[in-house]
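Structure record follows, encoded as structure tokens.
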Amino acid sequence: MDQQTDVSWKEDQVIIQIHNSVENAEEAVRQARTNPVYERIKEAFEKIERAERSCTNAMQARGDSKPVQELQDRLNKNKDALNQLH
């Protein structure tokens, strides 16, 4: 694998990991909205924090990329929805 392909593959992997993290947070928020008990809300906040760290780390390592920014936007919308429960 040449160096450019290797870098591209690693960047794709980072985006996939962030995407999965954001999807996990979105699912936790949906569950908290459906059943707004303390445990569900806490879990959703924890998953949002984890996804936020992933986005922040990616932006620091690779700069502000469109895919990461889009995932960050989705995450912010879910965070706002969760904050309405809290």
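These values consider heavy atoms only, across backbone and side chains, with no hydrogens, waters or symmetry-generated copies.
Atom-to-atom distance recorded for E52:CD and Q72:CD is 6.0 Å, nearest 0.5 angstrom. One finds the CG atom of L71 at 12.0 Å from the NZ atom of K66 (value rounded to the nearest 0.5 Å). Annotation: the span from Q69 atom CD to M59 atom CE amounts to 4.5 Å, rounded to 0.5 Å. Annotation: the span from E49 atom CD to T56 atom OG1 amounts to 11.5 Å, rounded to 0.5 Å. How far CG of L75 is from OG of S21: 7.5 Å, rounded to the nearest 0.5 Å. Within the model, atoms CD1 of I41 and CG of N35 stand 9.0 Å from one another, a figure rounded to the nearest 0.5 Å.
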- Where do H19 and E70 land on the side chain to side chain contact (heavy atoms under 4.5 Å, CB included) test, with the steps shown first? CA-CA 10 Å; H19 184 268; E70 288 173 354; over 6 Å; no
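In plain terms, the two heavy atoms of V68 and S65 that are nearest each other are CG2-OG, 3.2 Å. Across I18 and S54, no two heavy atoms sit closer than the pair CD1-O, 3.8 Å.
A salt bridge links E43 to K47: at least one charged side-chain nitrogen sits closer than 4.0 Å to a carboxylate oxygen. Remark: E39 does not engage K42 in a salt bridge, criterion side-chain N to carboxylate O under 4.0 Å.
Between the side chains of D80 and Q84, no donor-acceptor pair is found at a separation under 3.5 Å. For the 3.5 Å distance criterion, the side chains of E27 and Q31 qualify, holding a donor opposite an acceptor.
The neighbour count for R30 CZ, taken as heavy atoms of other residues, nucleotides or ligands under 6.0 Å away, is above 12.
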